[in-house]
Amino acid sequence: MQTYTLNNGVKIPVIGFGTWETPNDTSGVDAILYAITQAGYTHIDTAAAYRNEESVGKAIRESGISRDKFFVTSKLWNTKRGYDNTMRAFDRTLQNLQMDYLDLYLIHWPAIETQFPDTWKQINLDTWRAMEKLYKDGRIRAIGVSNFMPHHLQPLLDACEVVPAVNQIEVHPGYQQVEAVKFCKEKGIQVEAWSPLGRGDALTDQTIMDIAARLGRTPAQVCLRWVLDKGLLPLVKSVTPSRILQNIDVFNFSLSPEDTAVIDALTDCGGMCLHPDKVKF
Ligand SMILES: NC(=O)c1ccc[n+]([C@@H]2O[C@H](COP(=O)([O-])OP(=O)(O)OC[C@H]3O[C@@H](n4cnc5c(N)ncnc54)[C@H](OP(=O)(O)O)[C@@H]3O)[C@@H](O)[C@H]2O)c1
C-alpha cells in the first residue's frame with residue numbers, strides 16, 4: 001500500500017477502511033478481518049461514536065499481524081470535549097481497542113458558534129491542548145481534526161503548538177469541498193475523504209456509471225481513483241467481501257483529464273453533504 005507522509009513525518013496508507021455502521025459483533029469482526037487478511041488493508045478508521053472500537057481491536061488481534069503494521073485512527077466524540085474529558089475519553093478508546101497507543105486521534109466535530117456562541121473557540125482549544133499532551137507523551141503518533149472548515153481551523157492554528165496533521169471531511173463526486181481542501185493543502189494538513197462513495201449514492205450516478213463501464217471498472221473504483229488523484233485519502237466502508245476487495249484494487253488504472261473534469265463538474269451525487277455549522281449533535 002502506498003503512503004502519504006504527514007506533516008510530522010509519520011507515514012499513512014493512502015486508503016483507509018471505514019467502519020461507521022460496521023456492527024460491533026462477530027459479523028463486524030469478520031468483515032474487518034477479511035479486509036485485513038484477504039484484501040490487505042492496514043489502515044482502519046473507527047471512532048468512539050461508532051461503538052465498534054472493540055471489534056476493530058479484536059479483528060486486528062485475530063489477524064495475527066503485529067500491531068505496528070497497522071495504522072489505527074479513532075475519534076473523540078462531541079460530548080467529551082474539553083481537556084479532562086478528552087484525557088478520559090482517550091483512555092477509554094485505548095481500553096476498547098485493547099491497544100497501548102493510537103496512530104491518529106481526531107476531534108470528530110468542531111464545537112460551533114451556533115451551539116456555543118461565546119466559548120466555541122476555547123472549547124476547541126481546550127480539547128486540542130489535551131490532544132497535544134497525549135501526542136507529546138507518545139500515546140498518539142499523529143493528531144488531527146475532522147469536519148473542521150477553514151474558519152474552525154484558523155483559530156486553532158493561531159494558538160496551537162502542534163499543527164493538526166489531518167482533517168477528515170466529507171468529499172465525494174458532487175461534493176468536493178474545494179475551499180476546505182485548498183486551505184488544508186496550504187497549511188500542510190492532509191485531507192481524508194469520508195463517504196468517498198457518497199454512502200453508495202454516487203455509484204448510481206449515470207456519469208460515473210458511464211465512465212466506469214468505458215474503463216472496465218466499477219463506479220466505486222472510479223470514485224476512489226478520483227479522490228486519490230486529488231491527493232486526498234479515501235476512507236471507504238464495506239462489510240461485503242467482493243466490495244472490500246474491489247475498493248482497494250484502484251492502483252492499476254487512471255482517469256483521463258477529460259473524465260476528471262467531467263466528474264469535477266458534477267453537483268449532486270447524494271451523500272450526506274453535512275455542513276458542520278448546521279449539525280444538531
Ligand atoms: N469523520 C466523520 O464525521 C465521518 C462521517 C462519516 C463517515 N466517516 C468515515 O468514512 C467512512 C466511509 O464513509 P461511509 O461509510 O459513510 O460511506 P462510503 O464508504 O462512501 O459508502 C459506504 C456504503 O457503500 C456501500 N459500498 C461500499 N463499497 C461498495 C462497492 N464497491 N459497490 C457498491 N456499494 C459499495 C457499502 O455497503 P456494504 O457495507 O453493505 O457493502 C455502504 O453502504 C466511514 O465508514 C467512517 O469510517 C467519517
Side-chain angles (χ1 to χ4, degrees), residues 12-13 15-24 27-28 30-32 34-35 39 41 43-53 55-56 59 71-78 93 103-112 144-149 152 164 166-175 177 180 184 189-205 208-209 212-213 217-228 232-250 269-281:
I12 181 169
I15 294 184
F17 187 69
T19 63
W20 181 31
E21 295 183 334
T22 299
N24 194 33
S27 71
D30 286 349
I32 302 163
Y34 186 89
Y41 293 82
H43 173 179
I44 320 270
D45 182 81
T46 183
Y50 302 169
R51 298 183 185 279
N52 60 13
E53 291 171 319
S55 293
V56 169
F71 192 100
V72 181
T73 301
S74 193
K75 314 185 194 85
L76 175 87
W77 187 238
N78 302 356
T93 275
D103 295 279
L104 179 65
Y105 197 39
L106 306 176
I107 302 179
H108 207 143
W109 291 85
I112 52 176
V145 295
S146 176
N147 299 302
F148 274 55
M149 295 297 108
H152 306 117
V166 162
N167 188 14
Q168 183 179 124
I169 59 176
E170 181 174 2
V171 176
H172 46 77
Y175 200 67
Q177 303 241 46
C184 289
I189 299 169
Q190 175 66 49
V191 173
E192 296 184 341
W194 62 256
S195 294
L197 313 180
R199 310 218 72 217
D201 297 340
L203 309 181
T204 52
D205 178 272
I208 304 274
M209 288 168 63
R217 291 285 161 173
T218 67
Q221 289 172 325
V222 168
C223 290
L224 294 167
R225 191 64 256 168
W226 176 83
V227 169
L228 285 164
L232 313 185
L233 191 159
L235 303 165
V236 60
K237 177 263 178 186
S238 178
V239 293
T240 312
S242 60
R243 295 172 174 177
I244 291 172
L245 289 175
Q246 178 193 128
N247 292 345
I248 203 169
D249 180 19
V250 292
C269 305
M272 314 243 298
C273 304
L274 278 183
H275 195 290
D277 283 333
K278 298 197 175 135
V279 299
K280 302 276 182 230
F281 44 83

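Order of listing sets the numbers, starting from 1, for every ligand and every atom in it. Computed over heavy atoms, backbone and side chain alike; hydrogens, waters and symmetry mates excluded.
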Q. In Å and rounded to the nearest 0.5 Å, what is the CG to CG distance from Leu224 to Leu197?
A.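 It comes to 5.0 Å.
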Q: Apply salt bridge (Lys or Arg N to Asp or Glu O under 4.0 Å) to Lys75 and list each qualifying residue two or more places apart in sequence or on a separate chain.
A: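 So Lys75 forms a salt bridge (Lys or Arg N to Asp or Glu O under 4.0 Å) with Asp45.
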Under 3.5 Å, side-chain donor or acceptor atoms of residues 232-243 against the rest of the protein: list the pairs with distances, not counting sequence neighbours.
from	atom 1	to	atom 2	distance (Å)
Ser238	OG	Thr240	N	2.9

Q.
Between Asn52 and Asn24 (side chain of the first, backbone of the second, donor and acceptor by atom type, cut-off under 3.5 Å), is there such a pair?
A.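 Between the backbone of Asn24 and the side chain of Asn52 there is no qualifying donor-acceptor contact (under 3.5 Å).
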Q: Measure the shortest side-chain to side-chain distance between Trp194 and Glu192 over non-hydrogen atoms and say whether it is less than 4.5 angstrom.
A: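 Result no, sub-4.5 Å side-chain heavy-atom pair not found.
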Q.
Counting only heavy atoms and a distance below 4.0 Å, can you name the residues contacting ligand 1?
A.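 Within 4.0 Å of ligand 1, protein side: Gly18, Thr19, Trp20, Asp45, Tyr50, Lys75, His108, Trp109, Ser146, Asn147, Gln168, Trp194, Ser195, Pro196, Leu197, Gly198, Arg199, Gly200, Leu203, Ala220, Leu235, Val236, Lys237, Ser238, Val239, Thr240, Arg243, Gln246, Asn247.
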Q. Partners of Gln190 by side-chain hydrogen bond (donor to acceptor under 3.5 Å, both in side chains), sequence neighbours excluded?
A.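 With sequence neighbours excluded, Gln190 shows a side-chain hydrogen bond (donor to acceptor under 3.5 Å, both in side chains) to no residue whatsoever.
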